[in-house]
Every structure is written in structure tokens, then in C-alpha cells.
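Remarks on the structure that follows.
Lettering follows sequence order; numbering is per chain, from 1. FYI, side chains are in, hydrogens and waters are out, and symmetry mates aren't considered; it's all heavy atoms of this structure.
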Amino acid sequence: MDTLLSAEEREFAQQMRQFYRTEIPEELRFKVATGQELTKDDMVTSQRILNANGYAVPHWPVEWGGQDWTPVQRHIWLEEMQLASVPAPLPFNVSMVGPVIATFGSQELGQRFLPATANLDIWWSQGFSEPNAGSDLASLTTSAVRSGDKYIVNGQKTWTTLGQYGDWIFMLVRTDPEVKKQAGISFLLIDMKSPGVTVRPIQLIDGGHEVNEVFFDNVEVPVENLVGEENKGWTYAKFLLGNERTGIARIGASKVNLARAKAYAAVTKTATGTLLDDPLFSARLTRLEAELTALEMTQLRILSTQAAGSEKPDPRSSVLKLKGSQLQEDISEILVDVLGPQGLDFVTDRVQGEGLTDLPLGAVDALPAYFNTRKVTIYGGSSEVQRGIISKALLGL
Amino acid sequence: MDTLLSAEEREFAQQMRQFYRTEIPEELRFKVATGQELTKDDMVTSQRILNANGYAVPHWPVEWGGQDWTPVQRHIWLEEMQLASVPAPLPFNVSMVGPVIATFGSQELGQRFLPATANLDIWWSQGFSEPNAGSDLASLTTSAVRSGDKYIVNGQKTWTTLGQYGDWIFMLVRTDPEVKKQAGISFLLIDMKSPGVTVRPIQLIDGGHEVNEVFFDNVEVPVENLVGEENKGWTYAKFLLGNERTGIARIGASKVNLARAKAYAAVTKTATGTLLDDPLFSARLTRLEAELTALEMTQLRILSTQAAGSEKPDPRSSVLKLKGSQLQEDISEILVDVLGPQGLDFVTDRVQGEGLTDLPLGAVDALPAYFNTRKVTIYGGSSEVQRGIISKALLGL
Amino acid sequence: MDLELNDIQQELASTLGKYLRTEYDTAARDAILASDEGISREKWQQFAEMGLTGLTIPEGYGGAEMTFAEVAVVLEAFGRSLVLEPFVATAVLGANAVLLAGSEEQKQAILPGVAEGQTFLAVAALEPGQRYALAQPSTTATAAGDGVTLSGEKNGVLGGDVADHFIVTAVENGELGLFLVAADAAGLTRVAHRQADGLGSASLRFADTPAQRLNAADARAVLDEVVDLGNAAIMAEAVGAMEASLTMTAEYLKTREQFGAPIGANQALQHRAADLYADLEYARSMALFARLAVTAEGEGAEKDRHRDVIAAKIVVDSTSRHVAQESIQMHGGIGMTMEYPIGHYAKRLTVISRTFDDADSLTAELAQIGGLIEPHAADLS
Amino acid sequence: MDLELNDIQQELASTLGKYLRTEYDTAARDAILASDEGISREKWQQFAEMGLTGLTIPEGYGGAEMTFAEVAVVLEAFGRSLVLEPFVATAVLGANAVLLAGSEEQKQAILPGVAEGQTFLAVAALEPGQRYALAQPSTTATAAGDGVTLSGEKNGVLGGDVADHFIVTAVENGELGLFLVAADAAGLTRVAHRQADGLGSASLRFADTPAQRLNAADARAVLDEVVDLGNAAIMAEAVGAMEASLTMTAEYLKTREQFGAPIGANQALQHRAADLYADLEYARSMALFARLAVTAEGEGAEKDRHRDVIAAKIVVDSTSRHVAQESIQMHGGIGMTMEYPIGHYAKRLTVISRTFDDADSLTAELAQIGGLIEPHAADLS
């Protein structure tokens with residue numbers, strides 16, 4: 001799609017491509033490209049290199065390290081990052097809490113947190129979801145009761161991704177239980193080393209430990225850790241959730257994965273040739289390629305409108321989320337199916353040892369990734385929520 | 001599936017097969033088998049032969065010409081009829097008004113109407129749907145006001161299939177506008193030659209004239225034409241609509257059509273062989289074959305329960321309607337796709353004349369049938385209604 | 001990056017849209033559809049006056065010398081109103097075939113008439129028993145004096161019912177060629193048909209029919225380009241038709257009441273309508289993708305053109321089927337009647353999704369030429 | 001016609017169901033899953049005492065001499081409770097391979113141990129780089145004394161992690177053969193794996209490993225029949241697992257509240273649940289179809305068996321994927337956790353739909369052997 005870009009945009013893309021491929025250690029990018037799990041250190045390393053070059057938080061205000069880029073440039077920044085399999089900056093830091101502090105927090109709060117957040121000196125966790133507040137987030141019950149210059153926090157959060165690494169957690173808490181549910185919520189920052197904070201791992205069916213429950217038992221939080229005004233947290237949360245919706249389609253990453261499925265199929269033998277020659281398999285791959293192109297063109301069309309001046313969030317981004325997440329799931333499925341009967345075991349290493357043939361490429365990550373990817377149609381506004389938005393906002397139903 | 005039948009059932013099937021293929025004129029069966037439109041005479045001819053042999057109304061009470069058959073026998077009767085491409089007895093007569101009169105009408109009404117109904121001496125039309133009462137049938141407004149020994153009927157019916165041939169019409173009319181909508185409806189028989197009855201054709205997108213609007217302008221109807229009790233019509237209608245739900249899957253007919261698609265594909269040349277060898281086309285056919293088998297096994301499983309003693313209507317018959325209608329649509333679509341670019345014209349004859357090659361087999365009927373078949377997921381309880389029944393009755397949602 | 005319409009295109013879309021809404025409403029269209037020819041020569045004349053019939057024809061031949069981008073704008077509007085006149089046949093397929101393959105003399109002879117709205121064209125390439133294959137017709141051309149005579153048979157000739165000239169594929173001395181045949185040529189038999197969507201087509205028989213060679217360029221390359229243009233054109237038209245279908249369906253869901261509430265209050269229908277919307281966005285994106293492919297210039301553009309067009313058509317075809325089927329289903333019985341417009345849209349979409357090939361064959365073809373993405377895995381060198 | 005369970009089968013279903021509900025509940029299963037071996041030898045012993053491990057083994061070898069119909073009853077119950085012990089590997093694949101291909105002596109040596117619950121079996125037929133193809137293994141057998149020695153490699157050996165004996169495919173003098181290998185044979189290397197669903201499997205390497213020929217019947221015919229039986233078996237299991245999944249999902253929809261109402265009040269979810277129900281009916285029908293195919297007798301039964309089994313598997317595979325994916329989606333995040341049972345069902349269904357081949361390959365195979373319906377058109381003679 002390079003041909004759609006202007007000469008300047010193309011040069012910018014070239015510059016990003018060059019940067020990612022020379023400055024981010026190849027071993028990290030190899031890990032991402034082959035679906036290996038990243039360590040905390042890997043992610044910190046990558047983000048610090050990005051940050052040192054001004055590429056960790058380009059969408060933040062310039063004052064806090066952001067770049068004055070067009071929507072197309074931001075798209076290129078992200079797309080090229082995914083195409084180069086660069087470990088992404090931690091979204092909890094750069095897309096969530098950072099913009100909220102920058103936009104709604106005091107100057108003092110910004111100085112205290114933003115540089116460290118951009119540089120991943122602080123690892124942020126997200127404390128939004130609760131066991132009984134999933135899609136209906138505003139019904140959350142974790143309470144923060146003011147007592148002198150502190151809040152006393154009690155309750156439970158869940159689905160806290162990578163919470164095991166968390167230094168701090170940004171929370172939605174109920175500060176006023178008497179009013180309409182959205183009106184009594186505040187946005188609070190909590191040091192996870194505070195007494196009374198307990199993190200409990202949730203084991204997932206992909207065999208890994210990606211998410212956690214976080215319990216709060218009379219946790220004392222200084223009032224200066226409140227972002228913005230008390231009881232205005234829902235506004236900040238909506239701002240946060242509406243941020244960067246276009247990036248959620250993960251087109252670059254899907255391209256890398258689909259290219260991978262195709263490459264593996266080309267080396268997978270069948271009775272009559274390779275799996276890539278198999279008519280039904282290749283038709284399935286080809287349809288996914290056409291869909292991915294449609295997704296990308298849709299993203300570019302939306303960007304083009306933004307570039308042309310409109311600044312409002314586009315409800316069509318719900319189409320990107322709905323379709324992009326489904327496509328990620330479909331691609332994760334075909335990566336399993338490439339493996340055939342060798343895609344059914346959970347293994348930690350392609351090397352079986354004992355003189356046995358190594359397992360095929362993708363055998364380690366495809367199946368866990370398939371199960372893990374089930375989340376993408378659930379989180380960040382489930383497919384059902386997106387369909388609701390489309391039918392209401394775009395069709396008037 | 002013959003092997004699933006008992007020896008007696010198999011013999012019965014053989015007998016029906018033999019009868020249909022020897023007694024029903026081949027030219028009629030050829031018309032059905034190749035999707036040609038039947039004339040009124042064709043349908044009358046076929047039904048009279050069936051009736052003369054006791055095969056037009058086997059599911060009626062024996063007193064009125066029915067047979068004391070098991071559910072499996074009734075299934076075989078219908079399945080073999082479809083497999084032999086026998087024009088089916090007119091459903092308005094044999095599955096709708098006949099059973100209602102036999103069950104809820106007086107002995108006198110039965111004598112007056114049932115023999116002529118079984119023999120298609122009277123051609124019945126159905127007067128249920130109205131422009132503003134589709135899936136919500138009970139909201140109908142056509143009124144019948146008692147005046148002495150007559151009802152005065154005013155209003156409009158629609159979707160009256162083959163109403164252009166109708167001698168009589170069985171109607172749901174509102175006899176009490178004051179009560180709950182289901183409670184004020186009566187079941188009335190009206191001579192379509194009565195003054196004030198007007199039939200207006202509705203042109204359909206398949207190019208044909210299958211359905212009609214019927215207008216009633218102060219039509220006088222003798223009170224003896226009321227079936228059963230006044231204001232009990234909804235009960236009779238529900239009985240009627242619940243009748244023979246299993247037959248609605250039209251498995252025999254789908255088998256004939258799928259075999260046809262396959263036969264045409266086998267004589268359709270492509271660059272590398274025939275269309276039947278084309279991997280994607282044959283995969284599509286094969287999936288439909290597997291689905292058709294699943295549908296048939298599901299029907300047999302339900303029949304088996306009935307045979308084993310249960311007499312209640314099975315809510316799983318909604319599965320047969322939902323799946324069977326979708327399958328009919330899918331098969332009608334593949335019959336169009338076999339034709340490729342020659343499946344796009346509406347033509348009345350395969351012969352083009354002027355020395356031009358005849359159009360391919362199926363060129364006349366496939367496209368109209370495709371459009372006509374859109375109805376099967378709409379009428380007789382739309383797919384949406386069936387999903388509602390399943391989620392409520394079978395899943396308790 | 002700018003994918004929006006430019007000012008000229010916006011003006012074109014707006015003017016044409018206004019014209020069609022008033023002059024080509026359902027009643028006007030129904031009347032044209034019921035007429036003997038199934039088209040309005042008066043409307044065609046008006047299209048000519050608006051510069052549409054010669055939209056991409058160079059000014060030297062009396063045209064407006066615009067690009068395919070403007071053609072797409074016109075066809076999206078035509079799709080929205082289900083215009084019946086043979087614009088794709090004449091102004092896209094026919095005019096481009098003559099433009100690409102005709103001699104200066106032939107262009108002078110044919111194109112001004114097209115631009116003026118006096119001449120209809122049709123490309124005759126499909127043959128009985130050949131399905132969608134175009135490369136090896138059995139129609140033959142034999143040298144005769146300055147020109148040739150043709151023998152053979154064609155079918156599915158879009159716009160062939162009213163065409164004044166045909167551009168015909170035939171084999172001469174083992175080579176594929178394009179030939180120009182006048183509709184009144186000796187030995188030419190024409191049987192007119194109507195497609196399900198009301199558009200005209202024809203079957204043709206040639207018996208030693210005199211014809212001129214159109215050989216200013218390689219016939220295969222011209223045929224490929226013309227078909228790619230045609231595909232891109234009907235994709236734009238499909239987008240217009242789908243947009244109108246969805247608008248109409250959403251409106252119906254909001255107004256039709258059942259069980260005391262608009263049927264659009266049913267969440268199951270809301271979600272299915274949302275899926276239609278999302279699919280339509282895909283189709284819109286891919287129609288744009290195809291439009292960009294056929295207007296692209298520079299290295300590799302020609303090679304990528306066909307690949308991108310068929311990739312686009314795979315998406316547009318399946319979306320067209322989806323929208324056509326769901327629009328009728330959501331309307332219920334009324335969606336199947338000729339009185340109500342939605343069924344007409346469904347018919348046009350049903351035809352488009354099988355014009356110039358269908359999604360399955362295109363999928364196989366795209367796979368065969370390597371798809372859109374290079375196989376690559378970091379752990380595979 | 002009678003497709004219902006007979007009295008004995010109903011009794012079996014009821015007894016086993018009761019046992020599993022009390023003795024094999026989620027907590028019990030979780031404990032087994034977390035154990036080193038991943039199976040419970042104690043439970044296996046109880047299955048043996050119930051006559052299950054030798055269900056189809058003739059009485060002469062200590063079995064219950066029942067038919068595959070009873071196997072299907074057992075597996076549907078096992079599917080409902082996600083039983084982890086290698087019943088398919090040992091009692092279906094292994095026992096039938098020995099029964100069909102073994103000599104009297106071999107049957108006497110192996111089968112009583114299976115019936116008593118002392119012996120686990122596994123069929124080793126898949127090989128690296130061969131995908132699902134079984135007919136031409138590269139493992140070779142070479143005559144050595146009374147028996148042979150095997151050399152080569154196998155993988156995806158279901159139940160191979162705990163098997164005491166392997167039934168192995170290999171080529172001897174250019175012909176496919178079946179061979180019996182003890183787990184402690186010289187030159188046999190075993191690497192145990194766990195499938196995503198928690199069931200055990202293994203990769204095996206043979207280096208001049210001593211083995212016995214299992215050649216009382218044609219190896220290819222035995223292998224085909226054993227795989228058909230295995231497929232029919234896991235289809236019954238899939239039906240049990242899907243039934244449990246749907247019940248659990250419907251229950252969740254009724255109880256989980258969001259926005260002040262049970263999420264099952266959302267019509268979009270109701271309709272999708274209805275589609276799951278309808279699909280499950282199809283799968284149930286086709287599991288029955290497969291069961292009837294493998295128990296059919298008489299002329300043509302053997303020829304039709306494989307055709308009917310793969311037709312069934314096409315439907316069951318796609319339904320399994322559909323149910324697994326939708327069950328998780330309707331549960332939301334909790335459906336992805338190990339603590340909640342639904343994800344375990346999804347994992348078993350994910351594996352089943354790719355065991356002994358996947359739907360696409362089976363579709364191609366079924367098409368290739370002519371499908372289920374004879375082509376016929378009245379207007380085509």
C-alpha cells in the first residue's frame with residue numbers, strides 16, 4: 001500500500017523501517033516474529049530504546065515527549081513497528097495511563113509520573129475490570145473512602161494483564177456509592193507495593209499466566225494520587241478506552257502471522273505437493289489475505305478522512321475492531337491447522353531430543369496463541385459491544 | 001438410509017416407490033424434476049391419481065380417507081414422493097384446511113367439503129397473512145361482523161399462494177375486536193366467487209406470479225361456513241401451523257436438486273476438466289451433501305422418538321425447519337453457480353433458435369428458483385422465529 | 001495520503017446524484033424496465049450531455065478525457081439508482097477496447113458517436129461451453145480483403161441487445177485477436193436476452209461475418225485490461241447498490257412494526273445489520289483498492305493490476321451475496337416483490353457477483369498467482 | 001425404524017453417568033490433570049471393573065463382548081465429563097487392532113490385560129513430515145528370527161505416554177504391515193507429550209527394535225477399520241462434550257448479569273445459542289450415522305463405512321470448532337481460565353476436530369470418492 005503514501009510519508013516510513021530494523025536487537029524481534037514469550041527485561045529494553053529516540057510515546061503531548069505527527073505518521077509508526085516485529089511499548093503505560101495523566105492530571109502529577117512511564121521505569125497495571133463488572137464496567141464496586149489525606153481502598157480487580165510485573169496500578173474506584181453508577185467513579189493511582197495489595201495469578205487455557213486478580217484490603221492511598229477530580233473517573237476512562245482504536249486492528253502483526261502461515265505451508269509436504277498447493281488450504285489462506293487487504297484499506301480510508309481534517313473519533317473504528325479481531329482469530333487458527341496432527345501438543349521446545357526429529361516450525365507457539373487469541377473478540381469492547389455501537393451509531397437502530 | 005428401516009418399512013417404501021413411478025405420468029414428474037412450472041391441471045391430475053389410491057391424505061382421519069400409518073410410514077410416503085418428483089398434493093387442501101375441518105368442523109361441514117378437498121375438486125387458498133400482520137399473525141384486522149345468518153367480511157389478505165386458482169379460501173377473521181388479539185379470531189370458509197372478493201396478483205422478483213392479494217369488500221358469508229366455534233380460530237390456526245412440521249425440511253426434494261447440481265457439474269467443462277472436478281466447487285457440493293445427510297438423520301432421529309411412542313409435537317422440528325430451509329437456499333444457489341455466466345439471464349426456453357447453441361441444462365429454472373427459494377426462510381415461521389423457539393423451548397433462554 | 005474524492009469528483013457525484021434522485025426514481029426506473037427495449041434512449045442522451053458516455057474518451061474524440069476514478073464515481077451513483085442503460089458495456093468495456101486496440105481511423109469512426117450518446121458498444125468474449133474462460137475462443141477469423149470474416153458463437157454479451165458495434169474475440173491463425181463488427185453486418189444473428197437484473201444481453205452467431213481487425217495493441221493484454229476495468233466498474237456499482245440496500249433495510253427495520261415494536265428493536269437483527277455494515281465497509285475499501293489498481297502507473301502497476309482487481313472482487317462478490325440475501329430476509333415477504341425496490345437491488349447484486357467470474361474461481365486464480373502476501377517466517381531461511 | 005438406545009445401553013448410560021457425576025466431577029478431574037501421569041490408574045481400574053476397558057473384547061479374552069454401539073454410549077458419557085484416561089487409545093484403537101490383526105496367541109497375550117485394566121495400548125501410525133497420511137510410513141521392518149526389527153520414527157501417538165504395548169505401522173518388503181512392540185523393547189525411545197486437552201501422547205523412535213508381526217489380516221484394511229472406529233469414537237465423545245458445553249453456556253447466559261439483566265436476555269445471544277443447538281443436533285445425528293456405519297453388516301457395508309464416517313466427521317469437526325469458539329465467546333474472559341470448566345471442553349473439542357484428519361482434507365477425500373449422492377438429472381440421460 002506504499003503507493004498510497006505521499007513522498008514525505010514514504011520517506012518517513014523508510015526512516016521508521018530502518019530504525020526498527022537496526023536499533024532494536026534482532027533477538028528481540030526474532031522472538032516476536034516467532035511467537036515466543038517476552039520477558040519483562042525484553043519489553044523494558046525495547047521500550048527504552050524507542051523512548052531514547054522519541055518513538056515510545058509519539059501520540060503524547062509534545063511537552064511530555066510526544067511528536068507532532070499526523071494520523072498517517074502515527075499509523076506508519078505502528079504499522080512498521082509490527083512489520084518489524086518490534087516489541088510494542090507497554091500499552092498500559094503509553095496508551096492508557098500516560099495520556100490520562102497528561103490530559104487530566106496536574107502538572108505535578110505529570111512530572112512525577114510521565115517521564116518514568118514513557119521510559120518504562122514504572123511498569124503500570126490496569127485496574128478496571130471486576131468479577132461482576134465485565135462489559136458493564138461502570139457497575140464496579142471497589143471502593144475508595146476518603147479518610148484525612150488518604151483513601152482507604154477495598155475490593156477486587158481482575159483480568160490484570162501482566163500484573164505480576166506491575167509497580168503501580170491505575171484504578172477505577174467508587175468514591176460515591178450514592179449517585180448514578182457512572183457518576184461516582186474516580187481514577188486513582190496505587191503503588192502495588194502498598195500493604196494490603198495482593199496479586200493472584202489466573203491460569204489461562206493457553207497454558208500461560210498472562211492475567212491476574214488483584215485484591216485490595218484496606219489499602220491506604222495518598223489523596224495526591226488521585227488523577228483529575230474526584231468522581232470524574234468515568235470521563236477519563238472513556239477517554240482512555242476511545243484512544244487509539246484504529247491501532248486495535250493490528251494489521252501489521254496479522255500480516256506477519258499470515259506470511260508465516262504461508263511460509264510454513266510452503267514447506268509442509270502433502271501426498272501431492274505442499275500444503276500451499278492444496279486447493280482448499282490455499283483458498284482459505286487466500287480469502288484471509290483478501291480480507292486483510294480489505295481491513296487495511298478500511299483503516300487507510302478512515303485515516304484519510306482524519307488526515308483531511310476531521311478530528312472526531314470515527315465510529316467506523318468499531319468496524320476495525322470487529323473485523324480485525326475476527327481476522328486475528330482466523331489467522332491464529334490457520335497457524336494451528338498448518339501443523340496438522342503435530343499442532344495438538346502443548347510443547348515448550350521444538351527439540352524433542354533422544355534422536356527424534358524436531359517438531360515443525362510453529363509447533364511451540366501456534367496452539368497457545370490460538371487459545372490466547374480468543375481474548376481479542378472479548379476485550380477492549382467485545383464483538384457484541386462493537387455490533388451494538390455500529391447498529392446504533394452508524395445505522396440508527 | 002434404507003438400511004435403517006425395518007423389513008416391513010422397507011417393503012412399504014418399495015411399494016410407494018413403485019406406485020409413484022408407474023402411476024403418476026412421467027411427463028408430470030419430469031416437469032417437477034427439471035424445475036418446470038406446473039399448470040393447475042397438472043396438479044389436479046396428480047392429486048386425483050393419489051387420491052384414487054388413498055395416497056392424497058394419508059394423515060387425515062381414516063373416516064375421511066386417511067390411512068392408519070405410523071410416523072415412519074408417513075415420512076416414507078412423503079420422501080418417496082419427493083424422490084420420484086411427484087407433484088405434491090396441494091398443501092392448502094391436504095395439510096391445512098382439511099385437517100382443521102376434520103378435527104374441529106361439524107360432521108356436516110366435513111361431508112360438504114372433505115371429499116372434494118381430498119380430490120382437489122375444490123382448490124383452497126389460504127387467507128391468513130395481512131399487510132401488517134406477518135410474523136405477528138394474531139394482529140390481523142380483517143373483520144367479520146355477524147348480521148343475521150351471515151358474516152359481513154371486510155379487509156385484505158396477502159401472500160395468498162396460487163390464489164388465482166382458488167375456488168374457496170379459508171380465513172382467519174376478527175370477530176371480536178374488544179378482547180386480547182388472539183381471543184377474537186374465527187376460522188371462516190369463503191367462496192371466492194362471492195361478490196366483493198377481488199384477487200390481485202403480486203409480481204415476484206423470480207419473474208413469476210405465485211402469490212396474490214385478496215380484498216374483501218362487504219363480502220356476505222353464510223354463518224354455516226364458520227369452522228368450529230366463533231372466536232376459537234387462533235386455536236385452530238395453531239393446530240394447522242403445527243401440523244406436519246417435519247415435512248417442511250423437504251429432504252427428498254433437496255436430494256433431487258443436489259443430485260441435479262452434481263449431474264450438471266459433471267457435464268460442465270472447465271479449463272482442466274469438469275466443474276465436478278474443480279476442488280472448490282466440489283468441496284462446496286460435498287459439504288452440502290454432508291449437511292443434507294445430517295438433516296435426514298436428524299429427521300429420522302425425531303421420527304424414531306415418535307415411533308417409540310411419544311405423540312407430542314417435538315420442538316426439535318424447529319431445527320428441521322431452520323436447517324432444512326437454509327439448505328434449500330444453498331442448493332438453489334449452487335444450481336445457479338453451476339451455470340456460470342449462463343446463469344444470469346431470465347429465459348423461458350433453453351432453445352435460443354437462429355442456429356445458436358441451446359442454453360445449458362437448468363438455464364431456465366435455476367435463477368427463478370434461486371429467487372423464489374428466498375421465501376423458505378421467511379414463510380412457515382421465519383428462521384428468526386425458529387431461533388426464538390429453539391432458544392426458548394430447548395435452551396430455556 | 002489522500003483517498004477522498006477531489007473537488008471535481010465531488011461535484012460530479014453531487015450533480016449526478018441530484019439528477020438521478022429526481023429523474024431516475026423508482027417510478028421512472030419501473031417504466032424503463034417495463035418498456036420494450038428495457039432502456040431509455042432519452043436518459044442515455046442526457047447522460048451524454050452530462051459528459052458521461054464519453055467520460056474517459058480523449059477530448060480529441062469528443063470525450064471528457066477523465067480517468068477511471070470518475071467512472072467509479074458515476075457507477076457508484078448508478079448503482080445507488082440501479083441505472084439500466086448499458087454504461088459498463090458501452091462506456092467502460094466497449095470504449096476502452098476501441099481506445100486501447102483501435103487504429104486512429106477506427107477510434108475516429110467509433111468514439112465520437114459513443115461520446116455523443118449515439119452509439120452503443122458491446123464486447124463479445126464469452127462462448128457457450130467455455131464458462132468464464134476468455135483466452136481461447138473457438139470463434140475464428142479468416143482474412144478476407146482488407147478485413148476478415150468471423151465464424152462462431154458468443155453469449156452473455158452484456159449490452160449486446162442494443163449494441164451498434166461489437167468488439168469480438170476470435171482466433172486468427174492460432175492467435176487471439178479483437179475484431180470490430182457492425183450490428184447490421186451480413187451473417188450476424190443476434191438473440192436478445194434480459195438478465196435477472198433487467199439489463200440487456202445477447203447471444204450472437206457469426207457466419208462469415210465481415211469484421212475489421214482491432215490490432216493496434218496485443219489482443220490478450222487489451223482483453224485483460226478491459227475485463228479488469230469492467231470488474232472495477234461493477235465493483236463501484238455494487239458498492240452503490242449495497243449502500244442503497246443497507247439504507248433501505250435499516251429504514252425498514254426502523255419503521256416496520258411486528259408484535260407492537262419496530263422489528264429493528266430486535267437485537268439479533270441489529271447485530272446482523274451491523275455485520276452487513278462492516279461487510280459493506282470492506283466492499284467499499286476493496287472497490288477503492290480495485291479503482292486504485294486500474295489507475296496506477298509506474299513499474300509493476302500492470303502486473304499488480306489484475307491481482308489486485310481479483311482480490312477486490314473476491315471480497316465484493318461475497319459481500320454482494322451476503323447483502324442481497326440478508327436484505328430480502330430482513331424485509332420478509334415484501335422483499336421478494338417487484339413492487340418494492342429492495343428485490344431489484346438484490347437481483348443486480350446477484351448478477352454482479354457472477355459477472356466476469358465468481359468468487360471461488362477468483363480465489364483459486366489468486367492463490368495460483370501467489371496471493372497478496374509473500375510467504376515469510378523469521379525462523380525459516 | 002428404531003434409533004433409540006436399547007435397554008442395556010440405557011442402563012449403561014445411566015450407571016456410567018451417575019458414576020462420573022459423583023466420582024469424576026470437576027475437582028476430581030482437575031486433580032488427575034495436575035498429577036504426574038495426567039491419568040488416574042485407580043479410575044482406570046474402576047472402568048475395568050465396570051467392564052468398560054474390555055467392552056468390545058470377546059468373552060473368550062475376558063471382555064464384555066459388546067458392540068461399538070455401547071462404545072459410543074461410553075464415549076458420549078466420557079465426553080460429557082472430559083475423561084482423561086486413554087480409553088480411545090487402548091480400548092478402541094489398540095484393542096481392535098489386536099483383535100483384527102492379531103493371531104490367537106497374540107490376542108491371548110494382550111487382550112485379557114486390557115479387559116482387566118492392567119494394560120494400556122497405543123497405535124503408532126503418524127510420522128513426522130507425513131501429516132495425516134498413514135498408508136506409506138517410512139518406518140521399516142526387517143525380518144529377524146521369528147519376528148522383525150523396526151527402525152523409524154512415529155509421532156502423535158495417542159496414549160503413547162503410558163502404553164505398555166504399541167501397534168506400529170511399518171513397511172516390510174515394500175508392503176504395509178502392523179507390528180506389536182513392547183514398551184520396554186530394546187532400541188525403543190519414547191518422549192511423552194501432553195495434548196492441549198490434557199490427554200497424553202508420545203513420539204517414538206525405533207532403532208532395530210524387536211517386534212512381532214500382527215498379520216492375521218490385511219494391514220491396510222485393519223488400519224482403515226481401526227481409524228474409522230477411532231473417528232466414530234471421538235465423534236461420540238465430541239457430542240458429549242458439546243452437549244455439556246451448550247448446557248453450561250445456556251446456564252451461564254441465564255445467570256450472568258450485565259447491565260442489570262442476565263446476558264441471555266440479549267436476543268443476539270439467544271439466536272446464536274439456537275444456532276449452536278441446531279448444529280449440535282447435526283453433530284449428534286452424524287455421530288449416530290458414523291456409529292451405524294461402523295456397526296453395519298452385509299453387502300457393501302465395508303465400502304460405505306469409510307465414506308459415511310468421513311462424511312460424519314466433516315460435520316462434527318466444523319460443529320466442534322463452532323461450539324468451542326462460541327462457548328468461550330459467550331462466557332467472555334472467564335471462558336479462557338483454567339478454573340472454569342468451559343475452556344477445558346473447548347480444548348478437547350479443538351483437539352478432536354484435528355484428530356485423524358481435519359474437515360478440509362476429509363471434504364476433499366469425500367469429493368474424490370464420489371460423495372454421498374449419485375449425480376442424476378432427469379433431463380440428462
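- Side chain of B:Glu289 to main chain of D:Leu372: a donor-acceptor pair is present (N/O by atom type, distance under 3.5 Å, no hydrogens or angles).
- Using a 4.5 Å cut-off between heavy atoms, B:Arg10 does not touch chain D at all.
- Using a 4.5 Å cut-off between heavy atoms, D:Ala273 touches chain B through backbone and side chain atoms alike.
- Here B:Ser282 contributes atom OG and D:Gln368 contributes atom CD; the two are 9.5 Å apart, rounded to the nearest 0.5 Å.
- Atom OG1 of B:Thr298 and atom CG of D:Leu280 lie 10.0 Å apart (nearest 0.5 Å).
- At a 4.5 Å heavy-atom cutoff, B:Glu296 makes no contact with chain D through either its backbone or its side chain.
- Heavy atoms of B:Glu9 lying under 4.5 Å from chain D belong exclusively to its side chain.
- Ranked by heavy-atom pairs under 4.5 Å with chain D, the list B:Gly396, B:Pro279, B:Ala33 is led by B:Gly396.
- Between D:Gln270 and B:Arg387, every side-chain heavy-atom pair lies at or beyond the 4.5 Å cut-off.
- Considering CD of B:Gln386 and CG of D:Asp275, their distance stands at 12.0 Å, rounded to 0.5 Å.
- At a 4.5 Å heavy-atom cutoff, the contact between D:Tyr282 and chain B is made by backbone and side-chain atoms alike.
- One distance of note links OG1 of B:Thr286 with CD1 of D:Ile310; it measures 9.5 Å at 0.5 Å rounding.
- Put simply, of D:Glu374, D:Gln267, D:Arg284, the one with the most heavy-atom pairs under 4.5 Å next to chain B is D:Arg284.
- When all heavy atoms of B:Leu395 and D:Lys254 are compared, the closest pair comes out as O-NZ, 3.2 Å.
- When each of B:Arg301, B:Glu8, B:Lys262 is checked for heavy-atom pairs under 4.5 Å with chain D, B:Arg301 comes out on top.
- Heavy atoms of B:Ala266 lying under 4.5 Å from chain D are absent altogether.
- Only the side chain of D:Leu292 comes within contact range of chain B, with at least one heavy atom under 4.5 Å from a heavy atom of that chain.
- Side-chain contact check for B:Lys323 versus D:Asp279: some heavy-atom pair is nearer than 4.5 Å.
- Put simply, the side chain of B:Leu285 does not reach to within 4.5 Å of the side chain of D:Ile373, judged on heavy atoms.
- Between D:Asp360 and B:Arg287, at least one side-chain N (NZ, or NE/NH1/NH2) sits under 4.0 Å from a carboxylate O, which counts as a salt bridge.
- Contacts with chain D (heavy atom to heavy atom, under 4.5 Å) involve no residue of residues 329-336 of chain B.
- Each of B:Thr293, B:Leu322, B:Leu292 has some count of heavy-atom pairs under 4.5 Å with chain D, and the biggest count is that of B:Thr293.
- Comparing D:Ala278, D:Gly264, D:Ala250 by heavy-atom pairs within less than 4.5 Å of chain B, the highest count is held by D:Ala278.
- Between B:Leu4 and D:Phe289 the shortest side-chain heavy-atom distance does not fall below 4.5 Å.
- Closest approach of B:Tyr264 and D:Ala377 over heavy atoms only: CE2-CB, 3.5 Å.
- Looking only at side-chain heavy atoms (C-beta outward), D:His271 and B:Glu384 come within less than 4.5 Å of each other.
- Atom-to-atom distance recorded for D:Asp2:CG and B:Leu303:CG is 12.0 Å, nearest 0.5 angstrom.
- No other option in B:Leu5, B:Leu276, B:Leu361 has as many heavy-atom pairs under 4.5 Å with chain D as B:Leu361.
- Residue D:Ser285 comes nearest to B:Met297 through the heavy atom pair CB-CB, 3.5 Å, listed as atom of the first residue, atom of the second, then distance.
- For D:Glu281, the parts sitting under 4.5 Å from any heavy atom of chain B are the backbone and the side chain alike.
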